Colleague: 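I have a structure here, written as structure tokens, and I will follow up with some questions on it.
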Protein chains: 2
Amino acid sequence: MEGSAPRRTRIQQEKRELILEAALEVFSANGFRGSTIDQIAEAAGMSKPNLLYYFRRKEDIHETLMQRLLDTWLAPLRELDDIGDPLTELRSYIRRKLEMARDFPRESRLFANEILQGAPRIKPMLEGELKALVDEKAAVIKGWMRAGKIARTDPWHLIFSIWATTQHYADFDVQVRAVLGADRGGDGRFEDAARFLEQLFLDGLKPKG
Amino acid sequence: MEGSAPRRTRIQQEKRELILEAALEVFSANGFRGSTIDQIAEAAGMSKPNLLYYFRRKEDIHETLMQRLLDTWLAPLRELDDIGDPLTELRSYIRRKLEMARDFPRESRLFANEILQGAPRIKPMLEGELKALVDEKAAVIKGWMRAGKIARTDPWHLIFSIWATTQHYADFDVQVRAVLGADRGGDGRFEDAARFLEQLFLDGLKPKG
DNA sequence: CAAATTTTTGACCGGTTGGACAAACGTTAG
DNA sequence: CTAACGTTTGTCCAACCGGTCAAAAATTTG
């Protein structure tokens, strides 16, 4: 499939990491086309030609960043397992996803940017690897439904709704903080969100009869 | 506050509409910085200088587009009213929001793009007009909770979750269709989503005891 | 029709951007 | 020390981009 990883010196490894960190900052804030190599180079504390010595093209940086991102981004879903109580399992999946939105908002925004633009660079991955993973987990959830452990619904849309509600707090952070205002928009907003989402996904909005 | 609307000829009105339609297409797909005036001009079937005769700057097009968008975009929330059954009222708000994601995906993506980049052009509106509207509706929802009509939760996060889940089907459309695959990703996906969201928001995931 | 006004276009400009390149600089191994 | 190799930088370039301008073409008005 792919060539063997090129041998790299210590400096190359360090500088490449530095560049990727800077690029994550810049790309996630401005999008791919909205970011310039100069911006990334400055954020990484080096000159543009020096940066281009480590990554020959702007696209190479973005591609490397995206490949690394996807692994860690899907880790919570991979951990969703058939062992343990289904409701507990789903609840901790939601919690993990929300923690990622809190701790890695730049990664979330980078991903959102890519999808928004039609996922030109990762569409094959979405239709291949991602679809396979979601289908697999949907089957697990369907098993829980057949066993009467959770209510019967569409597992795929359930997963979508978890992604949407949790990533919202990273991708739409500006809006969330603006609407909540200075007092409620502080650090506590993620705990409020966690409490709300748990209640929503478990009990819904009907009053307790 | 603002000067009176400039007098426009019939051609000016028509051409400005044509340009705004083309700009919506281009901006929503590529973001502001990722779009060029040439692209918009070509999509509108005119030359670049001709386009600049109707809008002096690229930003003017984006600003006009955004102003129009916001009114229609918040209309469903404005309609959320205290008359009628609370659960029915919320259910139809969700349905209307999902219909907007289906019928106006470009508008949704344009908005998402703006927020993702930190809302540089509409932040004052978010902190002013939008916050006021959401606070007002949150008060209505709180009234329903006090009256025991719906379960007690955080009304602000409830509104966020409705925004997130419905807009997801416009903003992340590529991903949704990729994961659902050719068979389930067709036109029926919005009906499936509507059914799922209704169940989620009303009953949650707990099995019926 | 003819004058006045509006609309359209080709040519152009200054600034930015992604990227190339060779020369200089630093480091390491023999 | 020195040759080989890895790293850094100044300079440059061609393409692109937002925007200007004067003049031509079309339209409206008297």
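These figures come from a predicted structure and were not determined experimentally. Every chain is numbered from 1, with letters handed out A, B, ... down the list of sequences.
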Colleague: Residues in side-chain contact (heavy atoms from CB on, under 4.5 Å) with A43(B), at least two apart?
Modeller: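 Residues passing side-chain contact (heavy atoms from CB on, under 4.5 Å) with A43(B): A22(B), V26(B).
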Colleague: Between R68(B) and E17(B), does any side-chain N to carboxylate O distance fall below 4.0 Å?
Modeller: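 Salt bridge: yes.
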Colleague: According to ring-ring contact (aromatic ring centres under 6.0 Å, His included), does anything in residues 9-61 of chain B pair up with another residue at least two apart or in another chain? List the pairs.
Modeller: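 Sorted pair list: F27(B)-F32(B), F27(B)-H62(B), F32(B)-H62(B).
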Colleague: Verify the neighbour count for atom CD of E42(A): are there more than 12 heavy atoms of other residues, nucleotides or ligands below 6.0 Å?
Modeller: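 Count not over threshold, so no.
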Colleague: Report, as a single string ordered 5' to 3', how protein heavy atoms within less than 4.0 Å touch nucleotides 23-29 of chain C: B base, S sugar-phosphate only, - not at all.
Modeller: -------
Colleague: So which heavy atom on A164(B) is nearest to which on T165(A), and how close?
Modeller: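 Here A164(B) and T165(A) meet closest at CB-CA, 4.0 Å.
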Colleague: What are the residues of residues 16-47 of chain A, sorted by number, that bring a heavy atom to within less than 4.0 Å of DNA chain C?
Modeller: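 Contacting residues: S35(A), T36(A), I37(A).
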Colleague: In terms of relative ring orientation, are H168(A) and F172(A) parallel, tilted or perpendicular, with 30° and 60° separating the classes?
Modeller: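 Answer is parallel, since the angle falls under 30°.
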Colleague: Which distance, rounded to the nearest 0.5 Å, do you find between the OG of S161(A) and the CH2 of W156(A)?
Modeller: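 If I round to the nearest 0.5 Å, the distance is 14.0 Å.
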Colleague: Of all residues at least two apart in sequence or in a different chain, which pass the side-chain contact (heavy atoms from CB on, under 4.5 Å) check with M145(B)?
Modeller: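 If we apply the side-chain contact (heavy atoms from CB on, under 4.5 Å) test to M145(B), skipping adjacent residues, the hits are I141(B), I150(B), R152(B), T153(B), P155(B).
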Colleague: Just to verify, what does R33(B) make a salt bridge (Lys or Arg N to Asp or Glu O under 4.0 Å) with, not counting sequence neighbours?
Modeller: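 Checked R33(B) against salt bridge (Lys or Arg N to Asp or Glu O under 4.0 Å); zero matches.
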Colleague: Write down the protein N/O and nucleotide N/O pairs, taken from nucleotides 12-14 of chain C, whose separation is under 3.5 Å; answer none if there are no such pairs.
Modeller:
none

Colleague: Taking only residues at least two apart or on different chains, which pairs with a member in residues 181-192 of chain B satisfy salt bridge (Lys or Arg N to Asp or Glu O under 4.0 Å)?
Modeller: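 For residues 181-192 of chain B: D154(A)-R184(B), D173(B)-R189(B), R184(B)-D192(B), D192(B)-R195(B).
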Colleague: I need the CD-P distance between E14(A) and dT7(D), as an integer number of Å.
Modeller: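 It is 11 Å, rounded to the nearest whole Å.
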Colleague: With sequence neighbours excluded, what pairs up with S28(B) under the side-chain contact (heavy atoms from CB on, under 4.5 Å) test?
Modeller: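 Testing S28(B) for side-chain contact (heavy atoms from CB on, under 4.5 Å), a comparison that skips the adjacent residues, returns R106(B), R109(B), L110(B).
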Colleague: Just to be sure I understand the geometry, which residues of residues 49-62 of chain A put a non-hydrogen atom under 4.0 Å away from DNA chain C?
Modeller: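 Under 4.0 Å from DNA chain C: P49(A), L52(A), R57(A), K58(A).
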Colleague: Who pairs with R91(B) by salt bridge (Lys or Arg N to Asp or Glu O under 4.0 Å), at least two apart in sequence or on another chain?
Modeller: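 Salt bridge (Lys or Arg N to Asp or Glu O under 4.0 Å) list for R91(B), sorted by chain: E198(B).
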Colleague: Please name all residues satisfying salt bridge (Lys or Arg N to Asp or Glu O under 4.0 Å) with E79(A), sequence neighbours left out, ordered by chain then number.
Modeller: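 E79(A): salt bridge (Lys or Arg N to Asp or Glu O under 4.0 Å) contacts with R96(A).
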Colleague: I want to check one thing: is the phosphate of dT6(C), taken as OP1 and OP2, less than 4.0 Å away from some side-chain N or O of Q12(B)?
Modeller: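 Answer is no, no contact under 4.0 Å.
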